[in-house]
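Below is one structure; the comments refer to it alone.
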Amino acid sequence: MRIRIVDAFTDRPFAGNPAGVLLLDSFPDDAWLQNVALEVNHAETAFAHRLPAGGEADWALRWFTPATEVALCGHATLATAHVIATTGAHQGPVRFATLSGILVATPEADGSITLDFPTAPLTPVETPDGVAGALGADPLSTFDTGPNTGDLLIEVADEKTVLGLAPDHQALARYSERGIIATARAEDPSRGYDFVSRCFFPNVGIDEDPVTGSAHTALAPFWAERLGSPALTGLQASPRSGLVRTEVRGKRTLLSGHAVTVIEGDLLV
């Protein structure tokens, strides 16, 4: 079967977030899926297969990190939609049946893809003792992002603080189900982004995720309220970095970005 590595939320190779993508006839057993994800060893590997015509979804989609299956992944959904579109496997918007419900990916005229995801329910919480030390910065505010992502979203002082974070990943693992999203307002929005973030997910085997679509389902409503606009662009400032265009529409959030296939080959097992 064909396997592809796709860089998501970027329009150039070797940036954004790489994901493995396999289009299958059906899902093999979970152990095989997990072993392939471990072998690919990127933040996520996506597995999809076509569903019978006439149903509520066109394809079934699952995502695995090297360590576990996850309930929601933005960049691997974008990567899968890119492969489906560029190979001609499906024309137009594609509906995915996932652990987080039906997710729709729509190809745009400029070559980008827009994902329709559930907006994360943000709940303000007290910052747990020890988080500041583990993260390496003092939180201004802390929010739980709900069951689909299982993160703590932590606002810090400024963009410079986000860029300079060097957290203790092992210590961070005890404070949330998946990990920590650190964020701040952009220092200079004329650079093309409104807020900046970094994502640390030690509990699913990812110390720092390069670009996280699912995190932007929480970042988008957080910054839309503070900046007074439903449509914003976020920079995830990992070493690879990537831009995510966001638009909050009540209980749904649109995430848009480009993707580039960088590797295509045969899986022999």
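Throughout, numbering of the chain's residues begins at 1 and tracks the sequence.
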Answer yes or no: are there more than 12 heavy-atom neighbours, outside D207 itself, under 6.0 Å from its atom CG?
yes
Salt-bridge contact E187-K160 (side-chain N to carboxylate O under 4.0 Å)
no
Taking every non-hydrogen atom, the tightest pair across A132 and D138
CB-OD1, 3.9 Å
Only residue of D7, I113, D110, L243 satisfying side chain to side chain contact (heavy atoms under 4.5 Å, CB included) with H258 is D110
Among L61, V70, N148, T77, which residue satisfies the side chain to side chain contact (heavy atoms under 4.5 Å, CB included) criterion with S100?
N148
Heavy-atom check, side chain of V6 versus side chain of V83, under 4.5 Å:
yes
Is the positively charged end of R62 above the ring of F47, judged by distance under 6.0 angstrom from the centroid and angle within 45° of the axis?
no
Quick one: do the E108 and T114 side chains pair a donor with an acceptor below 3.5 Å?
yes
Can you name the closest pair of heavy atoms from A43 and P66 and give their distance?
O-CD, 3.8 Å
Is it true that atom CD of E126 has more than 12 heavy atoms of other residues, nucleotides or ligands lying nearer than 6.0 Å?
no
Taking the side chain as every heavy atom from C-beta outward, state whether C199 and E208 have any atom pair closer than 4.5 Å.
no
Do you know which two heavy atoms are closest between S26 and P28, and how far apart they sit?
O-CD, 3.2 Å
Sub-3.5 Å donor-acceptor pair from the side chain of E247 to the main-chain atoms of S256, do we have one?
no
To check you understand the geometry: which heavy-atom pair defines the closest contact between G16 and P210, and what is its length?
O-CB, 3.5 Å
Is a side-chain donor-acceptor pair under 3.5 Å present for W223 with T246?
no
Assign the ring pair H216 / F195 to parallel, tilted or perpendicular, where the plane angle (0 to 90°) is split at 30° and 60°.
tilted
If you count every heavy atom of other residues, nucleotides or ligands that lies below 6.0 Å from D129 atom CG, does the total exceed 12?
no
Would you call F200 and L165 a side-chain contact if the rule is heavy atoms closer than 4.5 Å?
yes
Distance-only side-chain donor-acceptor flag, T145 / R178, under 3.5 Å
no
Non-hydrogen atoms of L163 and R198 that approach each other most closely
O-NH1, 3.2 Å
Could you check whether R226 makes a cation-pi contact with F222, meaning its NZ or CZ is under 6.0 Å from the centre of the six-membered ring and within 45° of the ring axis?
yes
Worked check of side-chain contact (heavy atoms from CB on, under 4.5 Å) between T68 and T65:
CA-CA 5 Å; T68 189; T65 77; 3.8 Å; yes
Does any part of the side chain of D116, heavy atoms only, come nearer than 4.5 Å to the side chain of T106, both counted from C-beta?
no
Please determine whether the number of non-hydrogen atoms from other residues, nucleotides or ligands lying under 6.0 Å from atom CG of D25 exceeds 12.
no
Do R2 and D266 sit within salt-bridge range, that is, some charged N less than 4.0 Å from a carboxylate O?
yes
How close do A46 and W63 get, counting heavy atoms only, and between which atoms?
CB-CD1, 4.2 Å
Which of D58, L51, I84 passes side chain to side chain contact (heavy atoms under 4.5 Å, CB included) with F96? Answer is I84
Student check: side-chain heavy atoms of P18 and V262 closer than 4.5 Å
no
Under the side-chain contact (heavy atoms from CB on, under 4.5 Å) criterion, do F64 and V36 qualify, and how do the steps go?
CA-CA 9 Å; F64 285 76; V36 171; over 6 Å; no
Check step by step if side-chain contact (heavy atoms from CB on, under 4.5 Å) holds for T87 and E264.
CA-CA 12 Å; T87 60; E264 181 175 349; 5.9 Å; no
Once the angle between the rings of H49 and F27 is folded into 0 to 90°, is it parallel (under 30°), tilted (30 to 60°) or perpendicular (over 60°)?
perpendicular
